[in-house]
Asker: 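Here it is, the structure, as structure tokens.
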Amino acid sequence: MCEHGFPTRAAERGSALRTCPGKKAAAARTGRRPVPHISVSKPAVAYYRDSVAPTSQPASTAVPGVKKHDVSLYQFFAPGGVLSRTHPAYEFRRGQLQMAQSVEQALEEKRHLIVEAGTGTGKTLAYLVPVIRSGKRVIISTGTKNLQEQLFHKDIPFLEQALFPDGEGRLNVCYMKGRNNYLCRKKLYDLTGQPVLSGLEEIEHYRAIAAWEKMTQTGDRAELAELPEASALWHNIDARSDACLGQKCCSWDKCFITEMHRRAMESDIIIVNHHLFFADLSIKQQAEYAPDAGILPEVGAVIFDEAHELEDVAGSYFGVSVSNGRVEELCRDVEASLQRNHLLSVSMSGALKSLRERSMFFFALLPQGEGRFSFENRRDFLEENGDEFMAVQQSLARLRSELENLPSKPEEVFNFARRAQELQVQFGFLMESEDPNTVFWIERRRGGRDKFNVYLQATPIDVAPILKTCLFDKLECAVLTSATLAVGGGFEYMRRRLGLEHTQESVLPSHFDYENQALFYVPPDLPDPRTPQFAAKAADRIRRLLEITRGRAFVLFTSYAQMNDVYQRLLGELDFPMLLQGDAPKSALLEEFRLTPNAVLFATSSFWQGVDVQGEQLSCVIIDRLPFAVPSDPVVAARVKSIDAEGGNAFFQYQVPAAVITLKQGFGRLIRSLHDRGLLALLDNRILKKAYGRVFVESLPNYRKTTEIKVVEEFFGVV
Ligand code: SF4
């Protein structure tokens, strides 16, 4: 055994080949609801509409259902219990029962809990059952839409059946998506008066949406299967908060967002995603004295599933972003509205023209570059280009004053004036703030022919103090769970990054037999992945591994450049169908992978998590290198600098733990059930040679480990 836990060659040779076991198997704002009763089992399009009792009674007046202690957690999860009698694939999972007990304790004692529960624990039931028993109104926030759908369409209906077979109990459940998933009726009606549509396809889409609007009860675009994901028309008529008039809107009473808010107020369980949760939290934080701001009601607890994503998502919502596109969008909205209302005067047109020109000029002056890069020299930039910055600010002020001076103006004009003011304030912050906990940076993305979208960004360097103050200190109970939260068996990294104090903690035993189900291979002879020789050698080794596994693999990379390089080297060299990220949408690629025998998928970060392929079709996951975040990324660089400046060691306190979590996510794609079996290969042998490698090895499940290709061959019966 080497110091990192890999067997020495002699030990490996001496070990017996293991065979695959898999081949063998209340009142609206109290945050409490008095009665835990469940019901939801609806078709996909029904969502929250049908998940609420037809009478729409507030939860506090609902009829009594199962009493809290009718069924103990043990009686539910243990052998011979409710779950064993109702679930067709029941197995007793010790970790599941332990997790349920920890969640129940946290809910009862009003404490925060952080729990790592590996794939196969059955963690959704492990938190849903105590949530239902608690009688509290709870928000469940997830990282992915897949998990939201699983909770709403599968897990909760299953529990309803299991706990309330006679249908007596009923639980109000609300499934909420981000506002841009819903139709804004006002925008659609405005467009109906004066449709500005480009092309036949858009006209067709407009007709379909206008007809659908008359029937839909949710306004959720998911009901419009034929509408393309990137529809420009939808972008102009969705219910994003930017242009929303709130209670002053003439469509307020029948607005889908109003309806969603009402449903949420009546619900016992509210299922959202992290983006919606933090968007709502940041709105509430900005409007501290407006108790009705935001759409999520007060709750007794929040369960964050897939909680490893919290820092990134929270960072994006507590930051500030201004772009040339956002300025243009304001100009376009003002123009369209005033034209519609016959209010577009010569001086207003002049104000819009001036803002457009000055904004275009200013954004063109910003430091050049593509992608994300830091904007550290803002002072120097302002010294040189202060006049141009002031010119944009003055144009925004002029537009605002023109709007405010309009006689008998429609309600939306007030909203435009507010948006102009918001842009002014945010521009000021982005260019002039000296906030030490903020990193300022620029993102430039290609947006079509010769066009660039340029974003001026400000992101909190450390979200921990913000989350502590405005989330964890205010919440009675937060449960954070994921398959990948612990580093080296503990949660210090997560606690520090998220501002969590005084938490209960638990790392649950896995339900899988990783030692027999997965072989972890690291080639000791490949060059350092940072050297130019690496790609050619890595491609050779990938080819050999794929021959052994007969394809059936994900080959995951840390960069597009490396992915494309290796893909090109292997094109025409493999006997298996090769799929490449970017050649089709993610869901289509995954579907093709599932349906194509022996397929090999080459992909980057978006396939490292939230992807579930069970069975032999995925028998191998190869990762090119340890997934350290790009050190030149402005947010990463600022965090590293900040930790070092405070006397810490950013490499060990931030970069290594973050990479450990990502690696665990990537390898987590392979073993998705008790019957899965396969190879995990990491082509980066720094995990063996560097001192920090030990942290990675100790954080991974106890896969059987090898450095010899012969053992890989034996594992797959290729001799
Ligand atoms: S309230 Fe807002 S989202 Fe709803 S219809 Fe009116 S403008 Fe659109």
Side-chain angles (χ1 to χ4, degrees), residues 47-49 52 174-197 205-206 208-224 227 231-267 270 272-273 275-277 279-284 286-287 290-297 317 326 329-341 343 403 406 409-423:
Y47 292 152
Y48 53 82
R49 177 190 65 206
V52 177
C174 170
Y175 173 8
M176 297 168 82
K177 301 179 183 178
R179 291 182 63 126
N180 60 346
N181 286 283
Y182 300 93
L183 177 71
C184 169
R185 280 195 149 126
K186 180 182 184 308
K187 287 184 189 169
L188 182 74
Y189 298 161
D190 287 350
L191 199 66
T192 308
Q194 205 172 47
V196 187
L197 302 165
H205 291 156
Y206 168 75
I209 293 169
W212 165 73
E213 182 265 338
K214 294 186 173 58
M215 304 144 39
T216 178
Q217 296 195 40
T218 68
D220 181 351
R221 65 168 294 174
E223 295 175 13
L224 284 165
L227 189 72
S231 160
L233 173 62
W234 182 263
H235 181 74
N236 291 332
I237 54 173
D238 70 26
R240 265 166 305 133
S241 56
D242 240 16
C244 178
L245 303 181
Q247 293 188 27
K248 292 182 177 152
C249 172
C250 49
S251 298
W252 166 260
D253 286 343
K254 51 180 190 163
C255 169
F256 297 118
I257 300 296
T258 314
E259 179 63 5
M260 182 163 77
H261 182 47
R262 190 182 67 73
R263 298 284 183 190
M265 298 297 283
E266 293 174 349
S267 294
I270 301 144
V272 301
N273 64 25
H275 286 271
L276 177 57
F277 183 87
D280 192 76
L281 188 64
S282 79
I283 286 172
K284 284 175 179 153
Q286 284 162 28
D292 288 331
I295 53 174
L296 297 177
Y317 285 97
R326 191 170 149 196
E329 210 163 271
L330 173 64
C331 293
R332 215 177 41 216
D333 289 352
V334 171
E335 212 163 44
S337 164
L338 297 189
Q339 252 164 8
R340 205 169 42 241
N341 292 289
L343 285 169
L403 288 164
L406 276 175
K409 41 192 171 285
E411 196 55 49
E412 63 217 55
V413 168
F414 292 99
N415 195 45
F416 298 145
R418 179 191 57 74
R419 282 166 66 186
Q421 185 186 19
E422 208 170 81
L423 272 170

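In what follows, every heavy atom counts, from backbone to side chain, and hydrogens, waters and symmetry copies are set aside. Each ligand, and each atom within it, is numbered from 1 in the order the structure gives.
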Asker: Among all protein non-hydrogen atoms, which one is nearest to atom 4 (Fe) of ligand 1, and what is the separation to 0.1 Å?
Answerer: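 The answer is Cys255 SG, 2.3 Å.
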
Asker: Suppose I only count heavy atoms of Leu245 and a 4.0 Å limit; which atoms of ligand 1 are within that range?
Answerer: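 Every atom of ligand 1 under 4.0 Å from some heavy atom of Leu245: 2 (Fe), 7 (S).
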
Asker: With a cut-off of 2.8 Å, does any N, O or S atom of Cys244 fall short of it relative to atom 4 (Fe) of ligand 1?
Answerer: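 Under 2.8 Å: Cys244 has no N, O or S contact with atom 4 (Fe) of ligand 1.
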
Asker: Answer yes or no as to whether an N/O/S atom of Cys249 is found below 2.8 Å from atom 8 (Fe) of ligand 1.
Answerer: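 For Cys249, the answer is no, given that no N, O or S atom comes within less than 2.8 Å of atom 8 (Fe) of ligand 1.
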
Asker: Determine whether a donor-acceptor pair (N or O, by modelled atom type, separation under 3.5 Å) exists between the side chain of Arg179 and the backbone of Ala239.
Answerer: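 Confirmed, Arg179 side chain pairs with Ala239 backbone.
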
Asker: Strictly distance-based, threshold 3.5 Å: is any side-chain N or O of Ser337 a donor or acceptor partner for the main-chain N or O of Val334?
Answerer: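 Flag not set: sc Ser337 to bb Val334 has no pair under 3.5 Å.
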
Asker: Would you check if the side chain of Asn180 reaches a backbone N or O of Arg240 as a donor-acceptor pair within less than 3.5 Å?
Answerer: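 Judged by distance alone, no pair lies under 3.5 Å.
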
Asker: Do any N or O atoms from the side chain of Lys409 and from the backbone of Leu343 form a donor-acceptor pair under 3.5 angstrom?
Answerer: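 Answer holds: no.
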
Asker: Pull out every atom of ligand 1 sitting under 4.0 Å from any heavy atom of Arg185, numbered as shown with elements.
Answerer: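 Once the distances to Arg185 are compared, the set is 5 (S).
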
Asker: So if I count the atoms of ligand 1 from 1 in the order they appear, which ones are less than 4.0 Å from some heavy atom of Arg179?
Answerer: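 In order of numbering, the contacting atoms are 3 (S).
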
Asker: Would Trp234 and Leu183 satisfy side chain to side chain contact (heavy atoms under 4.5 Å, CB included), going step by step from the backbone distance to the final call?
Answerer: CA-CA 8 Å; Trp234 182 263; Leu183 177 71; 3.8 Å; yes

Asker: Which residue and non-hydrogen atom of the protein lie closest to atom 8 (Fe) of ligand 1, and at what distance in Å?
Answerer: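 For atom 8 (Fe) of ligand 1, the nearest protein heavy atom comes out as Cys184 SG, 2.3 Å.
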
Asker: Any sub-3.5 Å donor-acceptor pair from Thr216's side-chain atoms to Trp212's backbone N or O?
Answerer: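 No, Thr216 side chain to Trp212 backbone: no donor-acceptor pair under 3.5 Å.
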
